[in-house]
Protein chains: 2
Amino acid sequence: MSVTIYDVAREANVSMATVSRVVNGNQNVKPATRKKVLDCIERLGYRPNAVARGLASKKTTTIGVIVPDISKSYYAELSRGIADVATMYEYNIILSNSDKRPQREVELFEDHLGKQVDGVIFMSDSLSEEIRKEMATANVPIVLAGTLDAGTNLPTVNIDHEEAAYQAVKKLIENGHERIVHVSGPLSRDINRLCKKVGYEKALKEANLPIIDDFFIETDNTYDDAYEKWKLIRDLEEKPTGIFAGNDEIAVGILNGLRDDGLSVPDDMEVICFQHTLLTRVVRPQLSAVIVPLYDLGAVSMRLLTKLMNGEEVEDVGVILPYHMEERQSTK
Amino acid sequence: MSVTIYDVAREANVSMATVSRVVNGNQNVKPATRKKVLDCIERLGYRPNAVARGLASKKTTTIGVIVPDISKSYYAELSRGIADVATMYEYNIILSNSDKRPQREVELFEDHLGKQVDGVIFMSDSLSEEIRKEMATANVPIVLAGTLDAGTNLPTVNIDHEEAAYQAVKKLIENGHERIVHVSGPLSRDINRLCKKVGYEKALKEANLPIIDDFFIETDNTYDDAYEKWKLIRDLEEKPTGIFAGNDEIAVGILNGLRDDGLSVPDDMEVICFQHTLLTRVVRPQLSAVIVPLYDLGAVSMRLLTKLMNGEEVEDVGVILPYHMEERQSTK
DNA sequence: CTGAAAGCGCTAACAC
DNA sequence: GTGTTAGCGCTTTCAG
């Protein structure tokens, strides 16, 4: 068997309580005693058993992170932000993929609670009734990262997607465009239906431009689908001259469609999008974009969670982070 | 407080042992009793405490995953493979980022052991002396995923990078090229120095082509650096006509360098690389590449780990997965 | 400043 | 088929 706190205590001629104190940095230990214990720990190669500690103290210094799909760079980046702050506060992360399936989300959430996590960070498109109910009765703090709250009053950190979309489209309008297509991700996602689309329409309305159904193109958020859907735009009666894409993968699909049809950006078409990855800078022309601070979204979420776990009073549980727009070669 | 196994036992008029049996699916319970217990569990909303279970059973059904940087799509993809198989076998994952810092790797490894993980999957460039020592004395199974073993006899799953590099360069040679540049990642990484470079040189030797120092370009594996380093190639006395890039990010850097200098691929230069991401298909021309099965590397690693954790005899602890080459537009 | 002792919630013999 | 009873390794009062 491995060495326990009891072994150390015996070896050092002190009680388990004292060993526990030095391990936990409790100051009420005479320096000489501390040193003696530390020596024994070193000599025996003692490593505290976090599971036993968790059972006794009711804290595991572990948090749960439920993410749609870690292989998507969007969530990977966000998770890195979470992880770095978690490390800073000495928390471990149990990471699980939900694929956004509501039932799976509930299972994972319960599973994490069973593991006695001290808190959870949740990411998804929106909250199902079931998960909302689960969360309401959970007795650990929860933070929604980059996830629309829409109804509950859970702590959330996000950027203002509607405003960002509005600004992006406004930029196109200022450049003189009157026929602007919005190539969106799935409308089933709140962020697309309730934020980006709304921002797009708001900008059009403000400029007294018509909202044309055919100028709204829905994709499944992938490069391949966007590449295909470009044909819809190409074949439009009234040719648009500007494109607002829901993310960079979509934008690159469109860009390649344009390009393969011999059109040129930004001369024949100006393009702007939300940026989640390196893609925007790698393609030619480089894409003008709204830069979403994914890492920060994660980091701030975790920081907020630490406060909540500490029982600190947090006045502002609906954090909105700033974004910025970077104009590159796909707009003039 | 939350409801415990004791509460359920009392409510159902059975012993804790019986409740434990039904929770753990032990068949030695009369159906009627089982039902009664299940009802109480449902009614009281009992959720087993995995920490207590872990302490009593000495199994946490949790594994540790130590990864250089989850925000890199290479590792994110691999991790997803791990996670899916972990889910299948009902394991949770504690995920930590090491940034490949040897000391951090050791800390994380010990940390995970402290949390009593049942096994760990480790990814890095290579193994430092210290981590090797830690691993040797650990009493849980370890699998190296996509990580060069180089000396120890730890379970490993990988692809044959040397062979893949050899094939890629050979392809270029078959296309008639005699002056082929290898744009590599850092030579400090075993995978570059001991595998890809070796495969590159092997192909040249076999074709009686000289190995020219200037034809080896080292980068830090990033797009930006590769884009800069293109100038070194451009300014070479003897113009190369083929490029073998260590990964797709490098290849795209070179590609954009070429392109911004008005050169064309594949007419002026053929390019082939290792593929880790979507990048190869998104750029124009699409890049011919050796496709590394990242997801599978992760999945197979986890599968191997489950066997090891089960104490199964595994004859083949040095798994080599197949790769394949996809010829696209950057070669003829 | 240190020790004794009672759990934390569960599993795993071992009895019956 | 079911109950009893030790622990698992640690923290945490409470005494002293």
Side-chain angles (χ1 to χ4, degrees), chain A residues 1-38 40-41 44-62 90 110-111 113-118 139-140, chain B residues 1-38 40-41 44-62 90 110-111 113-118 139-140:
Chain A
M1 272 322 299
S2 66
V3 16
T4 74
I5 198 173
Y6 179 77
D7 300 321
V8 177
R10 198 159 31 101
E11 183 79 7
N13 276 310
V14 296
S15 69
M16 287 161 54
T18 299
V19 179
S20 177
R21 286 190 189 98
V22 347
V23 167
N24 292 296
N26 186 317
Q27 286 308 306
N28 293 333
V29 181
K30 193 160 47 164
T33 316
R34 174 186 311 282
K35 180 170 182 342
K36 187 171 58 174
V37 171
L38 253 16
C40 289
I41 287 177
L44 300 184
Y46 169 67
R47 175 185 302 127
N49 180 326
V51 171
R53 184 188 300 212
L55 184 57
S57 69
K58 303 192 164 304
K59 287 158 157 297
T60 54
T61 59
T62 298
E90 311 208 82
E110 296 195 321
D111 182 33
L113 292 185
K115 294 265 176 171
Q116 312 302 118
V117 294
D118 295 336
N139 53 352
V140 298
Chain B
M1 268 325 299
S2 64
V3 16
T4 74
I5 199 173
Y6 179 77
D7 300 321
V8 177
R10 198 160 32 101
E11 182 79 6
N13 274 312
V14 297
S15 69
M16 287 161 54
T18 298
V19 178
S20 177
R21 286 190 188 98
V22 344
V23 167
N24 292 296
N26 186 319
Q27 284 310 305
N28 294 333
V29 181
K30 197 161 41 162
T33 315
R34 175 187 310 284
K35 181 169 183 338
K36 185 170 60 175
V37 171
L38 252 16
C40 289
I41 288 178
L44 299 184
Y46 168 66
R47 177 185 299 128
N49 180 326
V51 172
R53 183 190 299 214
L55 184 58
S57 70
K58 303 190 163 307
K59 286 157 156 300
T60 54
T61 60
T62 298
E90 311 209 79
E110 295 195 322
D111 183 33
L113 292 184
K115 294 266 177 170
Q116 311 303 118
V117 294
D118 294 336
N139 53 351
V140 298

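Naming: A, B, ... by sequence-line order, numbering from 1 per chain.
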With a non-hydrogen cut-off below 4.0 angstrom, is B/Val51 in contact with a base, only sugar-phosphate, or nothing? nothing
Assert: residue with more 5' nearest nucleotide on DNA chain D, out of B/Gln27 and B/Ala56, is B/Gln27
Contact under 4.0 Å: A/Tyr46 side-chain N or O vs D/dC10 OP1/OP2: yes
Check this one for me: any side-chain N or O of B/Thr4 less than 4.0 Å away from OP1 or OP2 of C/dG9? no
May I ask you to evaluate whether A/Ser20 reaches the phosphate of D/dT11, defined as a side-chain N or O under 4.0 Å from OP1 or OP2? yes
Scan A/Val14 against the nucleic acid and name what it touches under 4.0 Å (heavy atoms): base, sugar-phosphate only, or nothing. sugar-phosphate
Of all the choices, C/dC10, C/dA13, C/dT2, which nucleotide is nearest to the side chain of B/Pro48 once you look at every atom? C/dC10
Could you check how far CD1 of A/Ile41 sits from C1' of D/dC10, rounded to whole Å? 13 Å
Verify, without hydrogens or angle tests, whether A/Ser20 (side chain) and A/Met16 (backbone) share a donor-acceptor contact under 3.5 angstrom. no
Test applied, side-chain contact (heavy atoms from CB on, under 4.5 Å); reference residue, A/Tyr46; option that passes from A/Leu38, A/Ile41, A/Val37: A/Ile41
Of the options C/dT2, C/dT11, D/dC10, whose atoms approach the side-chain atoms of A/Asn28 most closely? C/dT2
Quickly work out the A/Ile5 CD1 to D/dT11 P distance and round it to whole Å. 5 Å
Any donor-acceptor N or O pair under 3.5 Å, side chains B/Lys115, A/Thr61: yes
Roughly, in whole Å, what's the span from CG in B/Asn26 to C1' in D/dT2? 11 Å
Establish, with yes or no, whether the OP1 or OP2 oxygen of C/dT2 is under 4.0 angstrom from a side-chain nitrogen or oxygen of A/Thr33. yes
Is A/Lys58 near enough to C/dG9 that one of its side-chain N or O atoms lies under 4.0 angstrom from OP1 or OP2? yes
In whole angstroms, how far is the P atom of C/dC8 from the NZ atom of A/Lys115? 22 Å
Rounded to whole Å, please give me the gap between CG in B/Asn24 and P in C/dA13. 13 Å
Kindly compute the distance separating CD1 (B/Ile5) from CG (B/Asn49), expressed to the nearest 0.5 Å. 10.5 Å
Suppose we call a contact any N or O donor and acceptor under 3.5 Å apart; does that hold for the side chain of A/Arg21 and the base of C/dG3? yes
Please report, rounded to the nearest Å, how far the C1' atom of C/dA5 is from the CE atom of A/Met16. 10 Å
Rounded to the nearest 0.5 Å, the CD atom of A/Gln116 sits from the NZ atom of A/Lys58 at a distance of 7.5 Å
Are any of B/Asn49's side-chain N or O atoms less than 4.0 Å away from OP1 or OP2 of C/dC8? no
Which nucleotide in the set D/dT4, C/dG3, D/dC8 lies at the smallest distance from any side-chain heavy atom of B/Leu55? D/dC8
Donor-acceptor contact below 3.5 Å, side chain A/Asn26 vs main chain A/Asn28: yes
To the nearest Å, how far apart are A/Gln116 CD and C/dC8 C1'? 10 Å
Comparing B/Ala52 and B/Thr18 on DNA chain D - which has the more 5′ nearest nucleotide: B/Thr18
Check whether any side-chain nitrogen or oxygen of A/Arg53 sits under 4.0 Å from OP1 or OP2 of D/dT11, and answer yes or no. yes
Select base, sugar-phosphate, or nothing to describe what B/Asp7 touches, counting heavy atoms under 4.0 Å on all strands. nothing
When rounded to whole Å, the CG to P distance for the pair A/Leu44 and D/dG9 reads 15 Å
